[in-house]
Amino acid sequence: MRSTIFRLSAAALAVTALTAGCADRGGVSEDASDYPSQELTLVVPYDAGGASDLAARTLAAEMEDTLGQGIVVENRSGGAGSVGLENLAGQSADGYTIGYLPVESVMLGYQGYEVDPADYDLIGQMVSVPATIAVPEDSPYETLDDLVEAARAEPGSISVSNSGAGSIWEAATTELGQVTDTEFQPVPFDGGAPAVTAAVGGQVDAVVAGISETAPAHADDQLRVLAVFDTEPSESLPDVQTATEQDVDIVIGGWGGIGAPTGLPDGVRSTLEEAFTEAASSEEFQTIITDSGNIPVNVPSDEFAEFVDAEYTRFGELLESQD
């Protein structure tokens with residue numbers, strides 16, 4: 001199994017979570033010896049059917065076996081994920097409402113939404129989704145360098161579709177422009193599927209999306225993936241180099257983990273962490289995530305907290321530079 005694609009840093013969030021954990025928000029005993037005694041709810045901040053929903057539902061099904069209780073997945077989409085994330089943060093910290101935390105959980109606060117990663121106790125990270133950039137199969141741009149040079153010749157002329165304003169794929173497009181000292185024109189769509197469809201149909205010059213969204217079209221000769229923004233090539237795209245191998249130093253992508261409202265009792269938290277670790281390491285989970293084109297990971301809560309803190313700082317610098 002591969003490790004997560006980013007480096008880890010200081011765990012400031014862990015201190016916040018420890019302090020908040022002293023508050024009595026859930027009315028549950030600290031040892032939580034009877035937890036869980038009823039079914040749980042897992043909030044997914046996106047519509048059903050997408051990559052995030054698949055990862056969350058697959059993990060939930062595996063966690064049920066360990067917890068001995070059912071987990072009901074509740075899709076609460078809207079506001080680039082903010083609706084579901086705000087809902088999760090406002091729930092009681094009793095362990096009966098948990099949620100899927102995407103990379104946007106560290107981005108939305110910089111974009112005017114009431115979303116703060118310090119509002120969640122982090123249970124673990126289970127999926128990594130490196131970004132890719134692709135062009136229509138009949139595009140004149142054969143390489144990433146071709147696309148960048150075209151943008152440099154006329155900054156802002158190269159249109160690049162993404163899954164929505166404020167999304168990780170829009171941020172990746174922005175970073176590509178910054179690193180290559182030019183400017184691309186982001187074109188937001190309502191989700192990754194329509195963004196890819198727009199590129200296949202030639203409505204835009206390129207698309208930035210996750211591997212699971214571009215690899216099938218690449219295999220079907222509908223898109224030509226020019227680069228993977230990861231530390232190493234993807235098994236789903238064995239013929240495609242990383243951006244770094246093409247002298248464009250970018251490693252960026254989506255990720256997903258599980259969290260709960262800040263303040264979980266210690267016993268509840270440890271129970272959830274154990275169930276998460278077992279579920280994320282299961283053959284069923286890893287097979288389904290790998291087959292979808294994404295990367296299964298199993299990052300424990302303390303490392304996930306450090307990673308989220310590093311990502312929060314990283315995207316703050318990136319997004320605030322756009323102002």
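Small disclaimer: the values here were computed from a predicted structure and weren't measured. All residue numbers refer to positions in the sequence shown, counting from 1.
Between Y113 and E104, the side chains place no donor N or O within less than 3.5 Å of an acceptor N or O (distance only, hydrogens not considered).
Residues L101 and P117 fail the side-chain proximity criterion, which asks for heavy atoms closer than 4.5 Å. Residues T242 and T231 have side chains not in contact (no heavy-atom distance under 4.5 Å, counting atoms from C-beta outward). Looking only at side-chain heavy atoms (C-beta outward), V106 and W255 come within less than 4.5 Å of each other. Taking 4.5 Å as the limit, every side-chain heavy atom of E311 sits out of range of all side-chain heavy atoms of M107. Between V207 and L223 the shortest side-chain heavy-atom distance falls below 4.5 Å. V115 places a side-chain heavy atom less than 4.5 Å from the side chain of Y120. Counting heavy atoms from C-beta on, the side chains of Y35 and S270 never come closer than 4.5 Å. Side-chain contact check for F315 versus V103: some heavy-atom pair is nearer than 4.5 Å.
T262 places a side-chain N or O within 3.5 Å of a backbone atom of A118 that can act as its donor or acceptor partner. A distance-only check finds a donor-acceptor pair linking the side chain of E213 to the backbone of G210 [under 3.5 Å]. Here the side chain of E317 pairs no donor or acceptor atom with the backbone of L319 at under 3.5 angstrom. Under a 3.5 Å cut-off, the side chain of S282 and the backbone N or O of A279 do form a donor-acceptor pair. Proximity of a side-chain donor or acceptor of D220 to a complementary backbone N or O of Q222 within less than 3.5 Å is not detected. Remark: side-chain polar atoms of N294 are not paired, donor with acceptor, to backbone N or O of I289 under 3.5 angstrom. Distance alone, capped at 3.5 Å, is enough to place a donor-acceptor pair between the T182 side chain and the A151 backbone. Remark: side-chain polar atoms of E170 are not paired, donor with acceptor, to backbone N or O of A165 under 3.5 angstrom. With D146 contributing its side chain and T143 its backbone, the two residues share a donor-acceptor pair below 3.5 Å. N75 contributes a side-chain N or O that, together with a main-chain N or O of Y46, makes up a donor-acceptor pair within less than 3.5 Å.
For D181, the CG atom is loosely surrounded, since the number of other residues' heavy atoms within 6.0 Å does not exceed 12. Shown here is E114, whose CD atom has no more than 12 heavy atoms of other residues, nucleotides or ligands within 6.0 Å. Under a cut-off of 6.0 angstrom, the local environment of CD in Q38 is crowded, with over 12 non-hydrogen atoms contributed by other residues, nucleotides or ligands. Within 6.0 Å of CZ in R224 there are more than 12 heavy atoms belonging to other residues, nucleotides or ligands. Counting heavy-atom neighbours within 6.0 Å of E278 CD, excluding the residue itself, gives a total of 12 or less. E149 CD: more than 12 foreign heavy atoms inside a 6.0 Å radius.
The minimum heavy-atom distance linking A280 with M126 is given by the pair CB-CB, 4.3 Å. Shortest non-hydrogen contact noted between G79 and L108 is O-CD2, 4.3 Å. Heavy atoms only, all atoms of each residue included: I158 and A150 are closest at CD1-CB, 3.9 Å. L144 and A227 get closest at one heavy-atom pair: CD2-CB, 3.9 Å. Across all non-hydrogen atoms, the minimal contact from A243 to I250 is CB-O, 4.3 Å. The minimum heavy-atom distance linking E273 with S301 is given by the pair OE2-OG, 2.8 Å.
Taking Ile, Leu, Val, Met, Phe, Trp and Tyr as members and joining any whose side-chain heavy atoms lie under 4.5 Å apart, directly or through other members, the hydrophobic cluster of I211 also contains V225, V228, L237, V240. In this structure, V204 belongs to a hydrophobic cluster whose other members, linked by side-chain heavy atoms under 4.5 Å apart, are V187, F189.
Cluster annotation: V129 and L318 are assigned to the same hydrophobic cluster (Ile/Leu/Val/Met/Phe/Trp/Tyr, side-chain heavy-atom contacts under 4.5 Å, transitive). Cluster annotation: L59 is not connected to L54 through the hydrophobic network of ILVMFWY side chains, with a link wherever side-chain heavy atoms come within less than 4.5 Å. V43 and L264 are members of different hydrophobic clusters when ILVMFWY side chains are connected at heavy-atom separations under 4.5 Å.
Here OH of Y141 is found 5.5 Å from CG of D205. Values are rounded to the nearest 0.5 Å. For the atom pair OG1 (T287) and CZ (F285), the distance works out to 10.5 Å, reported to the nearest 0.5 Å.
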Review point. Can Y96 and S37 be said to form a side-chain hydrogen bond (donor to acceptor under 3.5 Å, both in side chains), step by step?
Key: CA-CA 9 Å; Y96 287 100; S37 59; 3.1 Å; yes
